[in-house]
**Q** 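The structure follows.
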Amino acid sequence: MRLCEVLALLRRPPLTAGLRARNLSLREFASGPGSTSPRTLNIFDRDLKRKQKNWAARLPDRMKFEYLKEEVGSRIADRVYDIARDFSLALDIGSGRGYIAQNLNKEAVGKIFQTDIAENALKNTVETEVPTVSVLADEEYLPFPENTFDLVVSSLSLHWVNDLPRAFQQIHYVLKPDGVFIGAMFGGDTLYELRCSLQLAETEREGGFSPHVSPFTAVSDLGHLLARAGFNTLTVDTDEIQVNYPGMFELMEDLQGMGESNCAWNRKALLHRDTMLAAAAVYKEMYRNEDGSVPATYQIYYMIGWKYHDSQAKPAERGSATVSFGELGKLSSRMSQEKKSQ
């Protein structure tokens, strides 16, 4: 099938919807030979990801690529301020240059440890009002004792972790009782426009496609994984940030500048020039805005979980209710009648 025929078919809504990248769950990731548990996964080349982040941190114009991480970092900080409590000691996992810390003040957090796998990012951390300590560390192997921190935060880092259950367990381990974890990860619909365009172009030009955007965790898995790690009073919500670019190549340049290039082991090392040009054409045809730019969607999962403490409110035991739902309905009806009579 020629590219022009593919573009004609793309005008049909069912095909466009059906070609959105599938949101893979952790169980699907673990379906490889000999895999019996998500704990055995090895999806990402962590050494390559460290090199990508170090390369991005050395760019002389790196500030122009940090808009997304700065925005999500500020939203994480807003969630910290929503909690009516002062945190004496906090930990930022995958901190980069300090996108969360730069939005915090000393009234909210007394001191914050910033960890990352990229040493160059830690060398270039921004100045903050809150005293900071930089520690080179992997998200899956936190070098801190049990019950150390009042608050743990993480922004747009955990989606590159191979063993997410272990990472959540490590976070729970280093939190003090009644401590809170606030995190953000890229969601399954992130960059669906780019994925769909690359898949269509590669199928047409090369007779099949390979993954060029990394897999993401399904939102339905997050609550289960957090609960299994020991967190309670869980909150998981989603948000979307849409950024417009002149074209597909500018989007890919920005992803590289963010240090967010694909590092999955099964990635294809090289895309042919004709395939890339075809993908850019497909992107424009399918998604372009009225002004000629193209949108890129970043879906963000936000999560909040607490470590158990005796002082926390507990749900009532099953069957302990003293009023039935039927009686509540009668009470509501009676109150409405009294308001009308007044």
Side-chain angles (χ1 to χ4, degrees), residues 25-27 29-30 35 37-47 49-50 53 72-73 76 79-80 83 87-96 98-101 109 111-119 121-122 132-186 214-219 221-236 263 301-309 312:
S25 71
L26 288 175
R27 289 184 179 85
F29 291 163
S35 284
S37 164
R39 298 291 296 274
T40 64
L41 299 181
N42 186 18
I43 305 166
F44 303 115
D45 182 345
R46 295 283 292 170
D47 185 57
K49 177 50 56 183
R50 180 183 61 80
K53 295 182 73 173
V72 177
I76 291 287
R79 285 164 167 79
V80 174
I83 300 174
F87 300 100
S88 59
L89 190 60
L91 171 65
D92 184 357
I93 299 174
S95 64
Y99 307 107
I100 300 175
V109 177
K111 188 176 186 178
I112 185 165
F113 279 70
Q114 298 182 124
T115 68
D116 203 284
I117 61 172
E119 57 271 19
L122 294 175
T132 61
V133 177
S134 296
V135 179
L136 189 65
D138 192 293
E139 292 90 343
E140 296 180 16
Y141 303 95
L142 300 178
F144 304 104
E146 185 178 10
N147 302 331
T148 301
F149 298 99
D150 306 287
L151 167 71
V152 175
V153 293
S154 180
S155 180
L156 303 184
S157 171
L158 293 176
H159 58 282
W160 293 119
V161 169
N162 279 314
D163 197 342
L164 193 56
R166 177 184 172 85
F168 284 152
Q169 290 168 5
Q170 290 280 297
I171 293 169
H172 185 271
Y173 179 80
V174 302
L175 271 174
K176 294 178 181 178
D178 203 30
V180 61
F181 165 58
I182 304 176
M185 295 175 59
F186 283 122
S214 69
F216 298 102
T217 303
V219 67
D221 283 325
L222 283 182
H224 170 72
L225 291 175
L226 288 166
R228 195 172 75 175
F231 290 98
N232 57 24
T233 319
L234 300 173
T235 302
V236 178
C263 69
Y301 297 154
Y302 295 97
M303 62 203 110
I304 301 176
W306 295 79
K307 188 169 182 177
Y308 176 78
H309 188 267
Q312 293 173 350

**Q** Considering only heavy atoms from C-beta outward, does the side chain of V180 approach that of F87 to under 4.5 Å?
**A**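 They are in side-chain contact.
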
**Q** Measuring from D92:CG to I182:CD1, what's the distance to the nearest 0.5 Å?
**A**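 Between atom CG of D92 and atom CD1 of I182 there are 11.5 Å.
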
**Q** When L89 is tested against each of I112, T148, L151 for side chain to side chain contact (heavy atoms under 4.5 Å, CB included), which residue passes?
**A**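 Going through I112, T148, L151 one by one, the side chain to side chain contact (heavy atoms under 4.5 Å, CB included) with L89 is satisfied by T148 alone.
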
**Q** Please find the pair of heavy atoms, one from D116 and one from G96, that lie closest to each other, and give the distance.
**A**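 That closest heavy-atom pairing would be OD2-N, 2.8 Å.
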
**Q** Would V80 and V153 count as a side-chain contact (heavy atoms from CB on, under 4.5 Å) here? Give the steps.
**A** CA-CA 9 Å; V80 174; V153 293; 4.1 Å; yes

**Q** Roughly how far, to the nearest 0.5 Å, is the CD atom of Q114 from the CG atom of L122?
**A**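 The CG atom of L122 sits 7.5 Å away from the CD atom of Q114.
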
**Q** Would you say that Y99 contacts V72 through its side chain, given a criterion of any heavy-atom pair below 4.5 Å between the two side chains?
**A**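 Side-chain contact under 4.5 Å: no.
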
**Q** Is the shortest distance from a Lys or Arg side-chain nitrogen in E119 or R50 to a carboxylate oxygen in the other one below 4.0 Å?
**A**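 Counted as a salt bridge, because a side-chain N and a carboxylate O are separated by less than 4.0 Å.
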
**Q** Of the non-hydrogen atoms in G94 and S157, which two are nearest, and what is the gap between them?
**A**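 Closest heavy-atom pair between G94 and S157: CA-OG, 3.4 Å.
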
**Q** Should V174 and P145 count as side-chain neighbours, where that means a heavy-atom distance under 4.5 Å?
**A**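 No, too far: nothing below the 4.5 Å cut-off.
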
**Q** Within this structure, what is the CG-OG1 distance for the pair L222 and T235, rounded to the nearest 0.5 Å?
**A**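 If we round to the nearest 0.5 Å, L222:CG and T235:OG1 are 12.5 Å apart.
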
**Q** Report yes if some heavy atom in the side chain of E140 is under 4.5 Å from a heavy atom in the side chain of N162; otherwise report no.
**A**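 In short, these two side chains touch, coming nearer than 4.5 Å.
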
**Q** Identify the two heavy atoms, one from S155 and one from G73, that lie closest to each other, and give their separation to 0.1 Å.
**A**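 Heavy atoms only, the tightest pair is OG-N, 3.8 Å.
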
**Q** Kindly give the heavy-atom pair with the smallest separation between L158 and A167, and that separation in Å.
**A**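 Result for this residue pair: CD2-CB, 4.4 Å.
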
**Q** With the side chain counted from C-beta on, respond yes when W306 and L234 share a heavy-atom pair under 4.5 Å apart, and no when they do not.
**A**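 Of all side-chain heavy-atom pairs linking L234 with W306, none is under 4.5 Å.
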
**Q** Any salt bridge linking D178 with K307? Criterion: basic side-chain nitrogen under 4.0 Å from a carboxylate oxygen.
**A**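 Salt bridge: no.
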
**Q** Could you state the interatomic distance from CZ (F186) to NE2 (H159), rounded to the nearest 0.5 Å?
**A**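 So the CZ of F186 and the NE2 of H159 are separated by 5.0 Å.
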
**Q** May I ask you to check whether F231 and H172 place their ring centers less than 6.0 Å from one another?
**A**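 Yes; H172 has its ring centre under 6.0 Å from that of F231.
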
**Q** Just verifying a value: how many Å separate Y301 OH and L156 CG, rounded to the nearest 0.5 Å?
**A**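 That separation rounds to 13.0 Å.
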
**Q** Determine, for F168 and R228, whether the Lys NZ or Arg CZ falls below 6.0 Å from the six-membered ring centre while staying within 45 degrees of the axis.
**A**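 The answer is no; the distance or angle limit is not met.
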
**Q** Can you confirm whether K111 sits close enough to V133 that some side-chain heavy atom of one is under 4.5 Å from a side-chain heavy atom of the other?
**A**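 K111 vs V133: side chains touch.
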
**Q** To the nearest 0.5 Å, tell me how far I304 CD1 sits from I83 CD1.
**A**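 These two atoms lie 5.5 Å from each other.
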
**Q** Quick one, Y308 and P177 - any side-chain contact, counting heavy atoms below 4.5 Å?
**A**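 No, too far: nothing below the 4.5 Å cut-off.
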
**Q** May I have the step-by-step check of side-chain contact (heavy atoms from CB on, under 4.5 Å) for L164 and L225, ending in yes or no?
**A** CA-CA 8 Å; L164 193 56; L225 291 175; 4.0 Å; yes

**Q** Which heavy atom of I76 sits nearest a heavy atom of Y302, and at what distance?
**A**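 Looks like CD1-CD2, 4.0 Å.
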
**Q** Tell me, do I93 and Q170 make a side-chain contact under 4.5 Å, heavy atoms counted?
**A**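 I93 does not reach Q170 side chain to side chain.
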
**Q** Is the ring centre of Y173 less than 6.0 Å from the ring centre of F144?
**A**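 They do not qualify: ring centres at least 6.0 Å apart.
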
**Q** Would you call E139 and R166 a salt bridge, taking side-chain N to carboxylate O under 4.0 Å as the test?
**A**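 Salt bridge: no.
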
**Q** Considering non-hydrogen atoms only, spot the tightest contact between N147 and L175 and give its length.
**A**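 Closest heavy-atom pair between N147 and L175: OD1-O, 3.2 Å.
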
**Q** Given M303 and F181, is the side-chain contact (heavy atoms from CB on, under 4.5 Å) satisfied, shown in steps?
**A** CA-CA 8 Å; M303 62 203 110; F181 165 58; 3.9 Å; yes

